[in-house]
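Beneath this line is the structure, given in structure tokens, with notes to follow.
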Amino acid sequence: MALSDEPAAGGPEEEAEDETLAFGAALEAFGESAETRALLGRLREVHGGGAEREVALERFRVIMDKYQEQPHLLDPHLEWMMNLLLDIVQDQTSPASLVHLAFKFLYIITKVRGYKTFLRLFPHEVADVEPVLDLVTIQNPKDHEAWETRYMLLLWLSVTCLIPFDFSRLDGNLLTQPGQARMSIMDRILQIAESYLIVSDKARDAAAVLVSRFITRPDVKQSKMAEFLDWSLCNLARSSFQTMQGVITMDGTLQALAQIFKHGKREDCLPYAATVLRCLDGCRLPESNQTLLRKLGVKLVQRLGLTFLKPKVAAWRYQRGCRSLAANLQLLTQGQSEQKPLILTEDDDEDDDVPEGVERVIEQLLVGLKDKDTVVRWSAAKGIGRMAGRLPRALADDVVGSVLDCFSFQETDKAWHGGCLALAELGRRGLLLPSRLVDVVAVILKALTYDEKRGACSVGTNVRDAACYVCWAFARAYEPQELKPFVTAISSALVIAAVFDRDINCRRAASAAFQENVGRQGTFPHGIDILTTADYFAVGNRSNCFLVISVFIAGFPEYTQPMIDHLVTMKISHWDGVIRELAARALHNLAQQAPEFSATQVFPRLLSMTLSPDLHMRHGSILACAEVAYALYKLAAQENRPVTDHLDEQAVQGLKQIHQQIRHSTQSLFEYMKGIQSDPQALGSFSGTLLQIFEDNLLNERVSVPLLKTLDHVLTHGCFDIFTTEEDHPFAVKLLALCKKEIKNSKDIQKLLSGIAVFCEMVQFPGDVRRQALLQLCLLLCHRFPLIRKTTASQVYETLLTYSDVVGADVLDEVVTVLSDTAWDAELAVVREQRNRLCDLLGVPRPQLVPQPGAC
């Protein structure tokens, strides 16, 4: 399930779904073994530089990238690949360029397989410590071409730090000459680690790994941990996230601290935790605009919180079944049910004082749940789950209550998303007790339909997706009897999301959550039947979901009314016009499944919605009234009954009133315009008002696009024919200028299509206005969008046949032939040639290509 932060922009009705990812996991083994062996064997020949070296690197990247989704297929081959490359590195005769190339290849493998798996294969005997340390020492941190070498060497050095011998044994006699001492290996490693924590390349990440493994060693922590932590906190205190170098320094330092408090023993880290937390508070990381710094801050905060609390498994947590799959299977074979949840008891140490810093940590994690970036919220959610698992029951319940506060309608979509992630983490860890399910399920049902309009788009996709994740986690966490009271509500909500959600990610997430509940709970009504129809691939097509799958699911009475209610409540007034139209058509189909409910409950609601001041609601409800009425009419006709058997007199009168309003809203305007044709003053006043509205709302899509459509209608119906008798009438001149400004550089398809229609109608006006309108149409014939080019050609063709005086009779046949025979969706170079030919025939200047700024 995706956790994206992007808003849901308007899109086409049909989604072109790329299903290649579904077939991406078809590899069964590492098929390029022989080629890779040959490639690595030729490194000594191609390392000198030039094309051969780049070809070898690029080919290896291509081979490795094929296994990004299945990196485990490389495991049987990692050892021989590493040995071939390390032979080059450890060969004293290898030139520096060859060594760097070998490390580039090692880095590519590490990037695909992950350093944690790959590092275990590096040599890490006692004899390897000094050679690797010497290799790192001779590297130039400013050599930007060899950063892979430094990255891999630091990781290699971190592995050698795991040797079970005191580093002092490797130092020997540090006094090489009287009065001159060598630096100990321990000091050399620490010096290297600190120097690379503040570099600007990826070696900084490796240095953090090195520090965590080095500082937490038994022989190092006694003498170096306090010194290093003091150095780190001083770095943090001196650095500012307002400068680039400050960001780099804070990044490396925070990574190192987070790794140390993750891998270090609690008793070693606890004495320093409070000091680090105070320093972290002083850094004011939540105010930074650097996502990575805020994420690392949250990660370090939760590690400090876990250090404050004793590591334990909460005795009060909810448990479903046994931890062992074998134990569960054994119970089933013996005819016993799964282990029932343990009786909730108070912790043995319930009365233990909770350390002072814990409250501050939890407070910061709760703030992190509302962060503007997903990665920060996700890290905070995991921190909430880990912390709650070590808290007493009462305090953990307070944390759950604070998380539920994120679901206030005064909160942003970010808080709702973070809250969903936290609830999922708490639930899957057994920290969300059944007594809380009433409150939790209520907010999750709201989150499944969360959709807030923001300008021309909406936010809430990530909230709905995360709510599906919560439902998925609950299916795995709870016994069926615990969720039984909520089955009807959850199953209906997931079905509705899987079928009627605007975004494909949410539909697929809901389908996956529904499937998990069917498999693990076994209580969802008609679960298997629905899954076979609404599977991962089937819900990929939005129209198919609204118009086909919904009909099948509505055949089960448990889902019929909730689906219809959702369409009426949420989708009929949706901000996306395509969704409103699909919802109306879906109501047409579902009305035949529940005719009585549609006639007695739904139709009166729709009639009342047609009077709403909200334009979207009025539009959707009028469409829905028409579709539902038509569905009931067809049903009555099939039964040889009058439609009034379904629709009462009040409903029929409501339909008549809607019909009159729609008819009069269009006809009354045209009738008024015809009535003032003989009154120049009234016509001038109306045209001036129309132009003033256009000018006042220029580039305001909410007004300008409907206004362009209105202008098309009034021009088509001849409402301004009296102006066409005058060459370059002021109304036409100003209207043309406003239309040109409105569509200039626009990428809005609807606006461009409306503009094309207006320009076509403006060729009625003689003089320069006609020439300028034709020039604009010729420009649109070479628009970047093929749809605009094709539509322009089609409408110009119809216009020239309608207004025959626009083009001379001697060239009309040739003009319409060019318009009809040219493939306007072809390459622009081909289209431009035909467009220029049209310009010559129409007597307008050929448009000239304007060079891009800065182009040579």
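Partners of Tyr450 according to the ring pair (Phe, Tyr, Trp, His ring centres under 6.0 Å) rule, which considers only residues two or more places apart in sequence or in another chain, are Trp416. Take Phe785 and apply the ring pair (Phe, Tyr, Trp, His ring centres under 6.0 Å) test, not counting sequence neighbours, and it matches His783.
Ring-plane geometry between Tyr559 and Phe556 is classed as perpendicular, the angle between the planes exceeding 60 degrees on a 0 to 90 degree scale with a lower cut at 30.
With values rounded to the nearest 0.5 angstrom, Leu567 atom CG is found 11.5 Å from His574 atom NE2. Atom OG of Ser402 and atom CG of Leu365 lie 11.5 Å apart (nearest 0.5 Å). Once rounded to the nearest 0.5 Å, the distance linking CZ of Arg294 with CD of Gln290 reads 8.5 Å. Separation of atoms CG (Asp413) and CG (Asn462) is listed at 6.0 Å; rounding is to 0.5 Å. Separation of atoms CE (Met609) and CZ (Arg618) is listed at 12.0 Å; rounding is to 0.5 Å.
Salt bridge absent: Asp371 and Lys414 never bring a charged side-chain N and a carboxylate O closer than 4.0 Å. Using a 4.0 Å cut-off between a side-chain N of Lys or Arg and a carboxylate O of Asp or Glu, Lys370 and Glu411 qualify as a salt bridge. For the pair Arg585 and Glu581, the salt-bridge criterion is not met [side-chain N within less than 4.0 Å of a carboxylate O]. The pair Asp501-Arg464 meets the salt-bridge criterion, since a charged nitrogen lies less than 4.0 angstrom from a carboxylate oxygen.
Cys625 places a side-chain heavy atom less than 4.5 Å from the side chain of Leu607. Between Leu74 and Val112 the shortest side-chain heavy-atom distance falls below 4.5 Å. Residues Val313 and Arg390 fail the side-chain proximity criterion, which asks for heavy atoms closer than 4.5 Å. No side-chain heavy atom of Leu445 sits under 4.5 Å from any side-chain heavy atom of Phe486. You'll find the side chain of Lys295 stays beyond 4.5 Å of the side chain of Val298, heavy atoms only.
In this structure, the side chain of Arg393 does not engage the main chain of Trp316 through any donor-acceptor pair within 3.5 Å. Ser379 places no side-chain N or O within 3.5 Å of a backbone atom of Val375 that could act as its donor or acceptor partner.
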Task: Test log, rule side chain to side chain donor-acceptor pair (under 3.5 Å), inputs Thr569 and Arg605 - done: CA-CA 9 Å; Thr569 305; Arg605 289 175 61 190; 3.1 Å; yes

